[in-house]
Amino acid sequence: MDGAEHAETPKKRRRPTPQELATGLVHLLDVEELDVDLYRGARNPGGKGRVFGGQVIAQALQAAVRSVEADRVAHSLHAYFMRPGDEDFPIIYRVERDYDGGSFSNRRVIAMQRGKPILNMTCSFHRQEKGLEHQFDMPKVVGPEELRTEAEIFAGLKGQIDDRLYKFLTRARPLELRPVEVWNPIDPDPRDPVRNIWFRVGGDIGDDKLMHRAVLAFASDMALLSTCMQPHGVSWMTRKMQSASLDHAVWFHDEVRMDEWLLYSTDSPWSGGGRGYNRGSIFNREGKLVASTAQEGLIRVKD
């Protein structure tokens, strides 16, 4: 007999369940206290290369929250990315208590790896109170039940993508994304800079409101930068395309549950000089605007 007939068939790795992925996300976004106002963020198990920017923002927010009175809720954060994070090392977060007033508190967080800052973030907290209310209406779009997941869309492109990238794009993720408008990043067609994506965590992440806000901060960095690329028929996968988040802002308007469907509606009013500006509105299923985002990113076509 041929020796190959005696070879053992390699075991196929089991795909994690949605609940396992959700539990892993909660663990990833939690931070470990090393000393007063000094924290360490966990590494993403199996992560390779550059750290996802939303992870750094969410962990920095969790560090800032630890230094504020419980009756003050994060209402905004503004972050600047300076260096790409490296998945091979944990991230250290140092919190500076810049201000505590009668209604507002302000915190500065420096995220560091190997002695160098990779992100600076300012976060503002507000003692909750009642006030005048208004909001824009949620766009009228198809509900998530009628849409394919992003992973299913990429699965339909098998054969057009090399195996390693295909596995990355169709991997199991804690966040389920369902685009309203299908956009092919491999062969993008020029279109208006507007996107709508339903998203949620696929499992239970508990009732901790601070964790739900951290997961929202994590998710807010997804699908935003590519909005400003759409009019130009390019994507982050386009050859000679260099893209990266430069700064990122989130305004938290109301409580949110990340294990329920949310609509991320984004647009891009401007791009130029190698940069693109993007805005986002996040609505819950009832149409309430729960958060807003803004981001400027690098979209450079290299010679």
Side-chain angles (χ1 to χ4, degrees), residues 13-68 70 73-74 77 79 81 84-95 107 109-114 118-119 121 123 149-151 167-177 199-223 245 248 250 252 255-262 264 282 290-291:
R13 182 178 295 178
R14 182 179 68 84
R15 195 174 180 87
T17 67
Q19 185 55 54
E20 288 172 339
L21 292 167
T23 301
L25 180 61
V26 170
H27 175 73
L28 175 66
L29 300 188
D30 201 2
V31 290
E32 174 191 1
E33 185 176 11
L34 301 177
D35 203 338
V36 176
D37 295 336
L38 190 67
Y39 300 87
R40 176 166 53 205
R43 294 167 53 193
N44 186 16
K48 297 180 181 179
R50 188 167 66 179
V51 178
F52 173 53
Q55 174 187 325
V56 188
I57 289 173
Q59 289 180 339
L61 174 61
Q62 288 283 64
V65 164
R66 302 291 200 277
S67 68
V68 179
V73 177
L77 63 82
F81 296 97
D86 189 336
E87 287 282 17
D88 289 337
F89 304 96
I91 304 173
I92 303 301
Y93 298 90
R94 188 175 79 239
V95 178
R107 297 293 184 264
V109 184
I110 303 170
M112 304 186 70
Q113 274 190 327
R114 297 176 67 79
I118 63 172
L119 172 135
M121 189 178 86
C123 187
T149 67
E150 193 175 61
K167 289 178 181 177
F168 174 76
L169 294 174
T170 57
R171 72 196 187 282
R173 304 168 72 184
L175 281 169
E176 181 181 352
L177 280 70
F199 69 101
R200 68 175 178 182
V201 177
D204 179 21
I205 60 172
D207 297 320
D208 183 357
K209 295 179 180 180
L210 300 179
M211 178 56 68
H212 282 269
R213 291 195 177 217
V215 176
L216 176 60
F218 174 87
S220 69
D221 194 30
M222 293 182 172
S245 302
H248 189 85
V250 181
F252 302 94
E255 299 299 342
V256 61
R257 285 207 63 98
M258 291 300 300
D259 45 12
E260 297 176 357
W261 285 114
L262 299 165
Y264 202 174
I282 299 176
V290 295

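Owing to the predicted nature of the structure, the values given are computational and were not obtained by experimental measurement. Throughout, residue positions are numbered sequentially from 1 according to the sequence presented.
One finds a salt bridge joining Asp30 and Arg66 here, because a Lys/Arg side-chain nitrogen approaches an Asp/Glu carboxylate oxygen to under 4.0 Å. Between Arg200 and Glu176 there is a salt bridge, with a side-chain nitrogen of the basic residue lying less than 4.0 Å from a carboxylate oxygen of the acidic one.
Of the possible donor and acceptor atoms, one in the side chain of Gln19 sits under 3.5 Å from a partner among the backbone N and O of Asp204. Listed for the Glu20 side chain is a donor-acceptor partner under 3.5 Å among the backbone atoms of Thr17. Not one N or O on the side chain of His212 forms a donor-acceptor pair closer than 3.5 Å with the backbone of Arg257.
By the neighbour-count criterion of 12 heavy atoms within 6.0 Å, atom CZ of Arg50 is sparsely surrounded, having that number or fewer from other residues, nucleotides or ligands. Counting heavy atoms of neighbouring residues, nucleotides and ligands inside a 6.0 Å radius, atom CZ of Phe168 does not exceed 12 of them.
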Glu255 and Arg213: side chain to side chain contact (heavy atoms under 4.5 Å, CB included), yes or no, with the steps?
-> CA-CA 8 Å; Glu255 299 299 342; Arg213 291 195 177 217; 3.4 Å; yes
Check against side chain to side chain contact (heavy atoms under 4.5 Å, CB included), Leu25 and Ile205 | CA-CA 8 Å; Leu25 180 61; Ile205 60 172; 5.6 Å; no
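The shortest side-chain heavy-atom distance between Phe252 and Ile282 does not fall under the 4.5 Å cut-off. At a threshold of 4.5 Å between non-hydrogen side-chain atoms, the residues Leu77 and Leu61 count as touching. When side chains are defined from C-beta on, Asp86 does not count as touching Arg114, because their heavy atoms never get closer than 4.5 Å. Residues Met222 and Glu150 are not in side-chain contact: their nearest non-hydrogen atoms beyond the backbone lie 4.5 Å or more apart. A 4.5 Å side-chain heavy-atom check between Arg43 and Phe89 finds every atom pair outside the cut-off.
Between Asp221 and Ser245 the shortest heavy-atom distance is OD1-OG, 3.4 Å. The two residues Ala63 and Val95 come nearest to each other via the heavy atoms O-CG2, 3.7 Å. Minimum interatomic distance between Leu28 and Gln59 (heavy atoms only, all atoms of both residues): O-NE2, 2.7 Å. Taking all atoms of both residues into account, the shortest heavy-atom contact from Arg107 to Ser67 is NE-OG, 2.8 Å. Heavy-atom minimum distance, Gly85 versus Ile118: CA-CD1, 4.0 Å. Between Ala172 and Arg15, the closest heavy-atom pair is N-NH2, 3.3 Å.
Asn44 meets the side-chain hydrogen bond (donor to acceptor under 3.5 Å, both in side chains) test with no other residue; sequence neighbours excluded.
For the side chain to side chain contact (heavy atoms under 4.5 Å, CB included) test with Tyr93, the passing option among Leu119, Ile110, Val109 is Val109; the others fail.
Taking the six-membered ring where tryptophan is involved, the planes of Tyr264 and Phe199 are tilted, since the angle between them lies from 30° to 60°.
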